[in-house]
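In what follows, a structure is listed as structure tokens, so that the remarks can point back to it.
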Amino acid sequence: MNPVRIVGMVAGILLWGVAGLAAAQQPSGPDAAATRPTAVSAADIEALKSQLEALQARIAELEAAQQARDAQLAAASQAVEAAVSTAAEQQEAIDRNTDLLAQTRAGVGEWVGRWQWKGDLRYRSEHIDQAFTARERNRDRIRARLGFVARVNDTVRVELQATTAENGDARSSNQSLTDVNSRKALDLDLAYAEWTPSASWRLTLGKMKYPWVRTGSFFFDGDVNPEGLAVNYQQGSSGLFAGAWVSRLSERGSLADSNLFGAQAGWRGTFGNDTRYTLAAGYFDHGAVAGYSVIQSGGAGGFFGNTTTVDAAICRSGQSPCLANDYDVLELLAEVQFKLAGRPLTVFADYARNAAADYGFTSPDPLRNVPPGLDTAYAVGFTYGRASNPGSWEFGYLYQQIEKDALFAQWIDSDFAGGATDGSGHAIRLAYQLARNWRFGLTYMLNQTHNDVAAAVTVPVAGHVFDRDYRRLQLDLNMTY
């Protein structure tokens, strides 16, 4: 027990004793003098007072000693904290010098510490069933990506990434397991530099990730990496954001180059504490597209549903068949994120319209007609949950329709509705986090192709059909490292 408290208790007892003695001198009745003992003398009371004063002095002395001891303990604690901080700084310096020494002995420079490696591997089993085809298709595919991010200095970073691909396909990093165990190609996927002179501004040059905000729709394939330059502004985690870019589509020596010039502006905000929203409008102006054959070379090429023609009045020299329309696309999107039953829920809507889809074609066979004004695309969907920690999951749904010339087809998803415009339907997505860095995914697409212009079908009927059923099931194992 604290000694000051003990002395205080003793002093209290003495005070109680003095009070009792004083009370003992007072008679309590007519016969009290005959029954009580002799009264305490004045000398006894003075002696008790002297003892009380001595105890009070001792209490003051002990209190002073206790305060001095507390001050010593506080000083000692501060000294220990300073020593721990100094030791931590010394250990950090030792670790840093050890790393530098190891790098020096290994013959590498300090720049190695500014590199961040990343990559992933996906194994996919895929089943495709399209109406009026000879047989269903089953295949296994892999996607392997490996890259790094290097920080040149405080404002400049560079990212390089290589990926598997077939025929350099811009819309797919998958490599089918076929050709009797042949070697698989590894192509340049990302190569860009990014300069951020401030927290709000960013300039990007090279083969980059999308410089515009997207939703969960299939308007843009996630594997496409635009080539060119872009500048972006972001007010903060909330508020105004904007971007402008030019993407090089096709360079030609004797004819005009095909490019995409685009811009987007939007707003991020909050409702309450748990609800966030994003609103944005974008404009995508594709130049030197109508009259040109703007497609990839080799097996990855194709018009992917956009209307084409061989009319010499439209097609430029050496560019037949060519695209019959230009693509000046306005896109409006909205996304809301909030919690439902303790899990995150994201709901989105996407709308696009091509202001230049004015080409029409009339054929003696009405089923071959291409009406003008096939210019609208829209998508709505949601994702519930988030597959992140082991045992977590997410579920998503989407409905989408893209008219034949609503979007420039070189951008759209390569899986939904066979990877072409002029299609519509549903997509169901499920993901489950099996373990750290290891996730299972399922995507099932129930689509119809050739909504606007009939398809020429020979099996099992010879003729043209609308709304051709298309089913696609994908089972994925994704591993990141």
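It should be emphasised that the depicted structure is a prediction, and the values quoted were computed from it without experimental measurement.
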I need the minimum non-hydrogen distance between [X] and [Y], along with the two atoms involved.
X: Ala357; Y: Leu374; result: CB-O, 4.1 Å
X: Ala409; Y: Thr421; result: CB-CG2, 4.0 Å
X: Pro321; Y: Cys315; result: C-SG, 4.3 Å
X: Ala165; Y: Asp187; result: CB-OD2, 3.5 Å
X: Thr275; Y: Val336; result: CG2-CG1, 3.9 Å

Heavy atoms of other groups near [X] [atom1], more than 12 under 6.0 Å:
X: Asp365; atom1: CG; answer: yes
X: Asn153; atom1: CG; answer: yes
X: Arg386; atom1: CZ; answer: no
X: Arg139; atom1: CZ; answer: yes
X: Arg276; atom1: CZ; answer: yes
X: Arg137; atom1: CZ; answer: no

Without placing hydrogens or testing angles, list every side-chain donor-acceptor pair under 3.5 Å for residues 432-447, not counting sequence neighbours.
| unit_1 | atom_1 | unit_2 | atom_2 | d |
| --- | --- | --- | --- | --- |
| Gln433 | NE2 | Ala435 | O | 3.0 |
| Asn447 | OD1 | Ala417 | N | 2.9 |
| Asn447 | ND2 | His426 | O | 3.0 |

Do Ser363 and Asn369 have side-chain N/O donor and acceptor atoms under 3.5 Å apart?
-> no

Between Asn174 and Ser172, does any side-chain donor sit less than 3.5 Å from a side-chain acceptor?
-> yes

Can you run down the side-chain hydrogen bond (donor to acceptor under 3.5 Å, both in side chains) pairs that involve residues 278-289, sequence neighbours left out, and say none if there aren't any?
-> His286-Trp411

Can you tell me which residue pairs pass the side-chain hydrogen bond (donor to acceptor under 3.5 Å, both in side chains) test with a partner in residues 331-344, sequence neighbours excluded?
-> Glu335-Gln337

Would you say [X] and [Y] make side-chain contact, with heavy atoms under 4.5 Å?
X: Phe303; Y: Ser293; answer: yes
X: Val453; Y: Arg368; answer: no
X: Phe361; Y: Thr307; answer: no
X: Gln130; Y: Asp469; answer: no
X: Arg252; Y: Tyr292; answer: yes

Pair Arg157-Glu194, salt bridge (charged side-chain N to carboxylate O under 4.0 Å, His left out): steps then yes or no | CA-CA 5 Å; Arg157 63 191 289 271; Glu194 183 179 273; 3.3 Å; yes

Sidechain-backbone polar pair: Thr196 side chain, Ser198 backbone, donor-acceptor under 3.5 Å = no

Assert yes or no for the condition that the ring centre distance of Tyr277 to Phe271 is strictly below 6.0 Å.
-> yes

With Phe284, the ring-ring contact (aromatic ring centres under 6.0 Å, His included) member among Trp212, Phe219, Phe261, Tyr210 = Trp212

When the side chains of residues 473-481 are checked against the rest of the protein, which donor-acceptor pairs come out under 3.5 Å, sequence neighbours left out?
| unit_1 | atom_1 | unit_2 | atom_2 | d |
| --- | --- | --- | --- | --- |
| Gln474 | NE2 | Glu126 | OE2 | 2.7 |
| Gln474 | NE2 | Asp415 | OD2 | 3.2 |
| Asp476 | OD1 | Arg124 | NE | 2.7 |
| Asp476 | OD2 | Arg124 | NH2 | 3.0 |
| Tyr481 | OH | Arg145 | O | 3.0 |

For Asp326, side-chain hydrogen bond (donor to acceptor under 3.5 Å, both in side chains) partners two or more places apart = none

With sequence neighbours left out, what residues match Ser424 under side-chain hydrogen bond (donor to acceptor under 3.5 Å, both in side chains)?
-> Asn451

Please name the residue in the list Leu345, Leu340, Thr346 that meets the side-chain contact (heavy atoms from CB on, under 4.5 Å) test with Phe382.
-> Leu345

Please confirm whether Arg353 makes a cation-pi placement over Tyr378, using NZ or CZ under 6.0 Å from the six-membered ring centre and within 45° of the ring normal.
-> no

Could you please spell out the steps behind the salt bridge (charged side-chain N to carboxylate O under 4.0 Å, His left out) verdict for Asp120 and Arg143?
-> CA-CA 8 Å; Asp120 63 272; Arg143 183 190 68 185; 3.2 Å; yes

